[in-house]
Novice: 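Would you mind keeping the following structure in view while I ask a few things?
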There are 2 protein chains.
Amino acid sequence: MKRIEAKKRSNLRDVAKAAGVSVATVSRVLNSPDSVNEQTRKKVQQKIDELKFVPSAAARAINSGRSRFVGALVPTLDNAIFARFLNSLEQGLGTHRLSLIVATTDSDPEKESQKARELLDIGAEGLVVSGVTHDPDFHALLRQRRTPTIATSFYDPNHYLPTVGYDNASAAQIAINHLRDLGHTRIAIIYASQKNNDRTIARLNGIKAIEEGLELSYFETEMSQSGGASAALEICKNPRLPSAVFCLSDVLATGALFGLQSQHLKVPDDISLMGLDDLPGSAVIFPSLSTVHLPVSRMGSITANALADWVERGKIPSSTLLSARLVERGSTKRA
Amino acid sequence: MKRIEAKKRSNLRDVAKAAGVSVATVSRVLNSPDSVNEQTRKKVQQKIDELKFVPSAAARAINSGRSRFVGALVPTLDNAIFARFLNSLEQGLGTHRLSLIVATTDSDPEKESQKARELLDIGAEGLVVSGVTHDPDFHALLRQRRTPTIATSFYDPNHYLPTVGYDNASAAQIAINHLRDLGHTRIAIIYASQKNNDRTIARLNGIKAIEEGLELSYFETEMSQSGGASAALEICKNPRLPSAVFCLSDVLATGALFGLQSQHLKVPDDISLMGLDDLPGSAVIFPSLSTVHLPVSRMGSITANALADWVERGKIPSSTLLSARLVERGSTKRA
DNA sequence: TCAAGTTGTGTAACTAGTTACATTCAAATT
DNA sequence: AATTTGAATGTAACTAGTTACACAACTTGA
């Protein structure tokens, strides 16, 4: 009679029995093979291979109290800036033998809070979030659990969480000052309103702080290239065109470029265009995009190291300010 | 004397002791609250809240044999096509209460194999990979562990793994046939060589199969917009220009567009340009990019559902063919 | 009034590992 | 020859949950 039964994974005890040794010895072969006699080790190893034994991570986690993974909460993966950040974050964590669980929030604070709770419930040892503005539940959760958590894309040394990011206000000011230096005073600003997006708010506030002597107009759109394109069309409707357009992100700027071109406006001859982010593609569009470089890859690796230090050695990191810098390319020229 | 000690998470036994009940009762309050007397339940719940008790996922996993996460191995997150796929994969898995661990491979089969092993070692219940060509170790690993695994971006009903993807050969043929229909016979092809990239190889083979009557030239470059741009410059060096350029990915095509523009070639008047992927940005560049749409978001959700079914109910999915379709936009016109 | 059934709870044995401590045995030292 | 030392291994108690089974207390029916 053939017994139909799921061949359950073999465990330590199975291997121990098969090899005629104790469970402790098998465990030693796994974790400190030097402390086991050559012959015994070989015999055990052979049985391990024979039985295709793989130690259970859950059982290990239960003993060590370590799960060896952290969670990252990002608004979306469908934007190169977050994808690039996660790319380097994942690589950085890998050097510390930590895995990364990704959760997307759609920029919805409630969803973020809920996903954060799920991540912690399944044993995440640390979290990475974007920005410092979150759901009250989320803050309460972090305060309660005391899980190592780093807020990114936003530098704020006074925040209760360590932050790794840039000064969004001054990043925007770098762009505005560049345009001002080139003699532009009538500037259209395109930004994407995502509710609770503190990065955008900080950038807008940075602009407000230095708007003296400038004639600014604001265009709100959605965060996508087509959003940028349609905002550009909106700008073109105005009979008195601005001499420059500043987009608060490169995605918007790339879209705006095509919007302007579709209206037969030449960039930068007819109108200057600036972005903010410096995506890989921004250097190769035509004309190449003047922008403000945000070091997201560095942010990823710094965050990875800081979080690993916190998780593994309890070392609470201090906030890190990454400097944004002007990247002057072909889309801006003297007014 | 203040004792400095890590307040370790409270566990079932702590709660049981505090509430004056047995561990079984606390466990019941957690898992089948109806089977516990109202008063007892309230008392226990209060202690759970007081002690901020959260059940350990590892301990649960050890009993259920479930870790509730799967791993995805992608070449990089720094390409919209994979990021979009993961975005919908993650969302799809979320509806099945499965988490997603992301691992990047840099298109290196050895790295992929190693990361796959790591994922399985930490208890991944399933895997998602790109393409069907992998390291021998990787195949051996999958055969040994029998972990539910789905190969994506590549449809092959005869593969030993279920595949969810499109027919890359015919996707490329759709593009070539479109150009041929428009009267183009001299076509330059730009492709990115990533060693072992079966998607690219399949696309090239698809072209080979229908090259009769065409005059094709091939340009190999790296997978980035700047790679596309420099390949375009290479094309322009030829005194007898092709009438159309076909890039095997939209990232390359966007780069090629800027490369052609920088040489003062008008697309599509002087030269037609086609991509393959259909990224969100491809519709808004100017001129908008004619391309072949690959349904990566659908691929993500289908993969998520298929993998969840396999993991949760042992239902091995059959391969799914997703159809690519022509997207005719502004970058191609009659020769 | 006694048996049977229901409800609620506890005991202890599981899940799969790690590890402190004990033990054995042989080699080296006194 | 007796003692010390060290290597190699085993025993059993941990980690944090779940759950089969036992049992008490109460209700219900004959």
Novice: Under 4.0 Å from OP1 or OP2 of D:dT15: is there any side-chain N or O of B:Asn11 that close?
Specialist: no
Novice: Phosphate oxygens OP1/OP2 of D:dG10: is one of them under 4.0 Å from a side-chain N or O of A:Thr25?
Specialist: yes
Novice: For the side chain of B:Ala24, starting at C-beta, report the closest nucleotide among C:dT18, D:dT18, D:dT19.
Specialist: D:dT19
Novice: Please confirm whether any donor atom in the side chain of B:Arg28 sits under 3.5 Å from an acceptor in the base of C:dG8, or the reverse.
Specialist: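 Such a pair does not exist between side chain and base.
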Novice: For B:Arg60 and B:Asn31, test the side chains for any donor-to-acceptor distance below 3.5 angstrom and give the result as yes or no.
Specialist: yes
Novice: Using a 4.0 Å heavy-atom cut-off, does B:Gly20 contact any base of the nucleic acid, only the sugar-phosphate backbone, or nothing at all?
Specialist: sugar-phosphate
Novice: Between A:Glu110 and A:Gln114, do the side chains contain an N or O donor and an N or O acceptor separated by less than 3.5 Å?
Specialist: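 The answer is no; no qualifying pair exists.
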Novice: Nearest 0.5 Å please: distance from the NZ atom of A:Lys115 over to the OG atom of B:Ser99.
Specialist: 8.5 Å
Novice: Need one value for B:Val21: base, sugar-phosphate or nothing, where a base atom within 4.0 Å counts as base even if backbone is also close, heavy atoms only.
Specialist: sugar-phosphate
Novice: Using a 4.0 Å cut-off on heavy atoms, which residues in residues 46-67 of chain A reach DNA chain C? List them by number, or say none.
Specialist: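 Of all residues in residues 46-67 of chain A, the ones placing a heavy atom under 4.0 Å from DNA chain C are A:Phe53, A:Val54, A:Pro55, A:Ser56, A:Ala59, A:Arg60, A:Asn63.
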Novice: Closest to the A:Asn37 side chain: D:dA8, C:dT18, D:dT18?
Specialist: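 When the side chain of A:Asn37 is considered, D:dA8 is the closest of D:dA8, C:dT18, D:dT18.
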Novice: For the pair A:Tyr160 and A:His139, name the ring-plane relationship: parallel under 30°, tilted 30 to 60°, perpendicular over 60°.
Specialist: perpendicular
Novice: Side-chain N or O of B:Ser27 versus OP1/OP2 of D:dT18: is the shortest distance under 4.0 Å?
Specialist: yes
Novice: What distance do B:Leu307 atom CG and B:Ile150 atom CD1 have between them, rounded to the nearest 0.5 Å?
Specialist: 4.5 Å
Novice: By nearest heavy atom, map A:Arg13 and A:Arg41 onto DNA chain D; which one lands nearer the 5' end?
Specialist: A:Arg41
Novice: Of all the choices, C:dG10, C:dT9, C:dG17, which nucleotide is nearest to the side chain of B:Val36 once you look at every atom?
Specialist: C:dT9
Novice: Flag this pair as yes if the NZ/CZ of B:Arg199 is under 6.0 angstrom from the six-membered ring centre of B:Phe154 and inside a 45 degree cone about the axis; otherwise no.
Specialist: no
